[in-house]
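Structure record follows, encoded as structure tokens.
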Amino acid sequence: MSPLLTVAIVATLACYGVAMALAAARLMRGPTAEDRVLALDFMYIVGMLAVLALGIRYASGMLFEAALLIALAGFVSSAALAKFLLRGEVIE
Amino acid sequence: MWVEAAVATLLVASGLATLVAAIGLVRLTSFFQRMHPPALASTFGAWAVAAASIVYFSALESRPVLHAWVIPIVLAITLPVTTVLIARAALFRKRQRGGDVPPPLHES
């Protein structure tokens, strides 16, 4: 791991951290429930990207599978929350 | 050397795109405007990180390692679904509240 790559990964993770903090601010403040669902969906995506970047940092292939699982869990949770907002129940 | 430069450039580009998306998510004024910025992170951000991962692991193992490409494909399949569902829910709830939104296409 060269110094250039280490610095780049730290900068990328810092960007992801700030992005996640801003999304959390929108999650807390969000005037409507849809805003909160959207912010949660965004946080899932940013977390998945951070896991991928950490997979490059540790040169590990296992973190890729964790990122894939986070992506699928984010899809299911966002779809369920949107369905709940639309109908008032998840499975009818 | 050029491999590390390419990986570093792709990673930093992805981080900056995600940061811009988050700033848009906080600063835009209406919900339907706020639906747009996350697409920047989930398209360009995910593509850049996947490309960085492919370049890095291919150079590390001296053979093509392409499995990271599954991530953008999964996102391209799932994200339109969640986006349409959230937009539908937002439109429905705003209509319930009597907001200024277009009427339904068919009266049933």
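Each chain gets a letter, A, B and so on, in the order its sequence line appears, and its residues count up from 1.
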Given the rule that I, L, V, M, F, W and Y join up when any side-chain heavy atoms are under 4.5 Å apart, are [X] and [Y] in one cluster?
X        : Y        : answer
Ile54(B) : Leu54(A) : no
Tyr58(A) : Tyr16(A) : yes
Leu52(A) : Leu72(A) : yes
Val20(B) : Trp47(B) : no
Leu69(A) : Leu63(A) : no

Contact check, side chains of [X] and [Y], non-hydrogen atoms, under 4.5 Å:
X        : Y        : value
Asp35(A) : Arg34(B) : yes
Arg88(B) : Leu85(A) : no
Leu5(A)  : Tyr56(B) : yes
Val65(B) : Phe64(A) : no
Thr18(B) : Ile45(A) : no
Cys15(A) : Leu16(B) : yes
Leu38(A) : Phe31(B) : yes

To check you understand the geometry: which heavy-atom pair defines the closest contact between [X] and [Y], and what is its length?
X        : Y        : value
Arg93(B) : Ala33(A) : NH2-CB, 3.8 Å
Ala53(A) : Leu11(B) : CB-CD2, 4.3 Å
Glu4(B)  : Ser2(A)  : OE1-OG, 2.9 Å
Ala89(B) : Ala82(A) : CB-O, 3.7 Å
Val26(B) : Leu22(A) : CG2-O, 3.3 Å
Leu86(A) : Phe92(B) : O-CE2, 3.3 Å

Could you tell me which of Met20(A), Arg26(A), Arg29(A) has the largest number of non-hydrogen atom pairs under 4.5 Å with chain B? Arg26(A)
Where on [X] is there a heavy atom nearer than 4.5 Å to chain A: the side chain, the backbone, both, or neither?
X        : value
Val74(B) : side chain
Leu60(B) : side chain
Ala87(B) : neither
Ala48(B) : neither

Which answer fits [X], side chain, backbone, both or neither, if we ask what part of it has an atom under 4.5 Å from a heavy atom of chain B?
X        : answer
Ala14(A) : neither
Ser60(A) : backbone
Leu13(A) : neither
Phe42(A) : side chain
Met48(A) : side chain

Flag yes if more than 12 heavy atoms outside Phe32(B) fall under 6.0 Å of its CZ atom; otherwise flag no. yes
Do other residues, nucleotides or ligands put more than 12 heavy atoms under 6.0 Å from the CZ atom of Arg95(B)? yes
Greatest number of non-hydrogen atom pairs under 4.5 angstrom with chain A, of Val84(B), Thr82(B), Leu25(B), falls to Leu25(B)
Highest number of heavy-atom pairs under 4.5 Å with chain A: which of Leu79(B), Ile71(B), Leu75(B)? Ile71(B)
To the nearest 0.5 Å, what is the distance between CZ on Phe75(A) and CG on Leu85(B)? 7.5 Å
